[in-house]
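See structure below.
Treat the numbers as computed from the prediction; the structure is a model and nothing was measured.
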Amino acid sequence: MNAHNKVFIVNKDGFSLPGWPQETTYRIQQNASIADIDGDDTLDVVVRDRGWGTSDHFLYAWNHRGELFPGFPVEAPLTTNQPKTPTLFDFNGDGTADILFNKENELVIIDHTGTPLPGWPVRLKNRPRHYQLASLTGNDSIQILVQINSCDSLYILNPDGTFFMEPVHLHIEDHFLSIFSAADVDRDGIAEIFAGMYKLGIFPPEEYAVALFSPFHGILPGWPQYFSTEYISQPCSWADLTGDGQLEIIWADYTGHLYTYLSDGTPLPGFPVKPTGSRESGVDPVIGDIDGDVDLEIFVDNNLAFNDSSHYHVYHHTGEEVSWSPLVTPAITGFKCPALGDIDKDGSVEMALCIEDPYDWNVYLWVFTIPSVPFVPERFPWPMHAHDPQHTFWYDFQENSYNSVTKPAIHHAEKFRLFANYPNPFNPATTIRYSLPEASHVTLNIYDITGRLVEQLVNQHIPAGYHTVTWDASSYSSGVYIARLKAGSSIKTQKMVLMK
């Protein structure tokens with residue numbers, strides 16, 4: 001828990017652990033991130049502060065005893081007050097978590113000594129507004145998806161700091177990108193991207209749109225959807241509410257409406273809902289089986305509807321409010337959703353809330369227990385803000401990996417496929433994806449319209465899974481080309497158009 005410029009670690013009885021609290025130079029606005037960053041099998045704490053009226057921002061890392069790691073604090077300057085909570089993940093595969101954070105027009109990954117990893121920092125055209133982890137290949141790998149200010153394109157980076165592909169444009173008519181989220185909706189191993197967009201030229205916005213995109217094929221069928229209210233400004237949450245094996249999209253907009261949508265662009269029955277007296281809702285809704293009936297419930301905070309209290313509303317997946325909702329606490333939450341887990345290891349669910357009094361700025365930690373409701377990780381697919389303590393926003397990051405940097409559950413390819421290349425038409429490069437249900441000797445050849453072989457991209461033994469190849473056609477003339485993929489005795493072809 002953080003309060004003003006102090007970071008606390010308390011036990012289940014509410015008492016501070018030895019070595020805590022620790023102080024920062026400036027006020028802390030974001031949550032702390034937690035993982036083992038030095039490989040000693042204990043959890044470490046990473047936070048950043050925010051200097052009001054100054055570009056000074058600092059990143060801090062402590063071990064579980066409250067000892068600051070050598071090399072910290074690390075300067076993380078910003079000329080605007082838009083620091084993001086650090087993301088912790090094992091980017092270089094050495095078994096310990098690294099630290100991803102934003103600076104002015106840069107993304108940086110450092111280790112526990114404060115040293116940048118090779119290939120980092122990466123310079124961007126503007127300040128990063130939001131970033132998260134996802135897999136766009138289906139293999140045991142991840143990408144970093146980055147939204148920058150004043151841009152409707154999404155930049156996608158590899159863990160080594162190189163660009164995974166050309167920027168993905170998230171744009172619909174006169175609507176401008178506000179926020180994005182990504183998850184593997186159809187469970188094929190390739191993440192889809194959900195984008196919230198507001199209408200240009202109107203402030204406050206009177207209309208917003210949302211859409212589901214494939215990073216390789218553009219907008220998906222059933223989208224976009226338009227709403228005559230103010231915009232969505234925070235990432236969404238994801239969960240399989242219907243039990244059909246696909247993920248639903250859950251978000252709250254700036255007027256307090258809670259939405260749940262299927263991947264085909266249709267709302268779940270019973271939604272949207274709006275809590276009584278609601279004015280604003282906070283960050284990504286928390287989702288879990290809070291009543292022990294196996295079905296999932298959704299939490300949404302009613303942030304500024306009341307001057308002296310916060311009202312947490314909880315809804316069944318049918319849109320009906322649970323019997324004890326809303327949960328009312330004094331003071332306001334400051335756009336912080338609850339966290340669900342088993343704090344005292346008794347097998348039952350606890351719910352932690354951090355609230356702030358707007359009059360005296362005191363910060364309070366509330367913890368509620370829900371007796372007889374078991375905490376089963378699989379039934380809590382989005383148990384806290386950003387999905388996990390590492391702040392990845394990644395649905396497939398292994399559930400409740402609180403003590404490790406465990407690799408996510410990657411979905412294996414079930415059949416031999418050659419996906420449509422993206423972009424298409426293209427100039428000069430395009431990305432070709434394919435999937436193998438089992439390891440095979442693979443050839444991927446490019447032919448012109450006359451059947452002449454112009455280039456061989458792959459000719460080797462390839463393991464099972466999803467794979468990506470980029471064809472740079474800079475030296476070829478405009479026209480129609482055919483990609484021919486062969487694995488064993490199976491063959492697939494795909495028509496591509498080079499347009500210069």
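Within the 4.5 Å cutoff, no side-chain heavy atoms of Tyr155 are placed close to those of Val122. Side-chain atoms of Ile142 and Pro159, non-hydrogen and from C-beta on, do get closer than 4.5 Å to each other. A heavy-atom distance below 4.5 Å is not found between the side chains of Leu88 and Asp44. Considering only heavy atoms from C-beta on, Phe91 stays 4.5 Å or farther from Trp120 through its side chain. For the pair Phe69/Val46, no side-chain contact is recorded, criterion being any heavy-atom separation below 4.5 Å from C-beta on.
Residues Phe89 and Phe397 bring their aromatic ring centres within 6.0 Å. Aromatic rings of His130 and Phe393 (six-membered ring for Trp) have centroids within the 6.0 Å cut-off, being under it. In this structure, Tyr261 has its ring center at least 6.0 angstrom away from the ring center of Phe194.
For the side chain to side chain donor-acceptor pair (under 3.5 Å) criterion with Asn102, the lone passing option out of Arg127, Arg48, Lys84, Arg129 is Arg48. Under the side chain to side chain donor-acceptor pair (under 3.5 Å) rule, Ser153 has a single partner from His169, Glu166, Gln147, which is His169.
Geometric assessment of Arg433 against the ring of Phe216 yields a positive cation-pi assignment under the 6.0 Å and 45° thresholds.
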In sequence, state the C-alpha distance, the side-chain angles, and the governing distance for Trp62 and Tyr60, and then conclude on ring-ring contact (aromatic ring centres under 6.0 Å, His included).
CA-CA 7 Å; Trp62 296 277; Tyr60 303 79; 5.6 Å; yes

Start with the C-alpha gap between Phe380 and Phe375, add the side-chain angles, then the distance that decides, and say whether ring-ring contact (aromatic ring centres under 6.0 Å, His included) holds.
CA-CA 8 Å; Phe380 291 81; Phe375 181 74; 4.8 Å; yes

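By the salt bridge (charged side-chain N to carboxylate O under 4.0 Å, His left out) test, Glu320 pairs with no residue at all, sequence neighbours left out.
To the nearest 0.5 angstrom, Tyr208 atom OH is 15.0 Å from Tyr198 atom OH. Taken to the nearest 0.5 Å, the CD1 atom of Ile179 stands 8.0 Å off from the CD1 atom of Ile232. Considering OG1 of Thr392 and CG of Leu100, their distance stands at 11.0 Å, rounded to 0.5 Å.
A 6.0 Å sphere centred on CD of Glu67 holds more than 12 heavy atoms belonging to other residues, nucleotides or ligands.
Between the side chain of Trp20 and the backbone N or O of His64, at least one donor-acceptor pair lies under 3.5 Å. Under the 3.5 Å distance criterion, the side-chain polar atoms of His313 are left unmatched by any main-chain donor or acceptor of Val300.
Look at Asp244 and Arg187 and you find no salt bridge, because none of the NZ, NE, NH1 or NH2 atoms lies under 4.0 Å from a carboxylate O.
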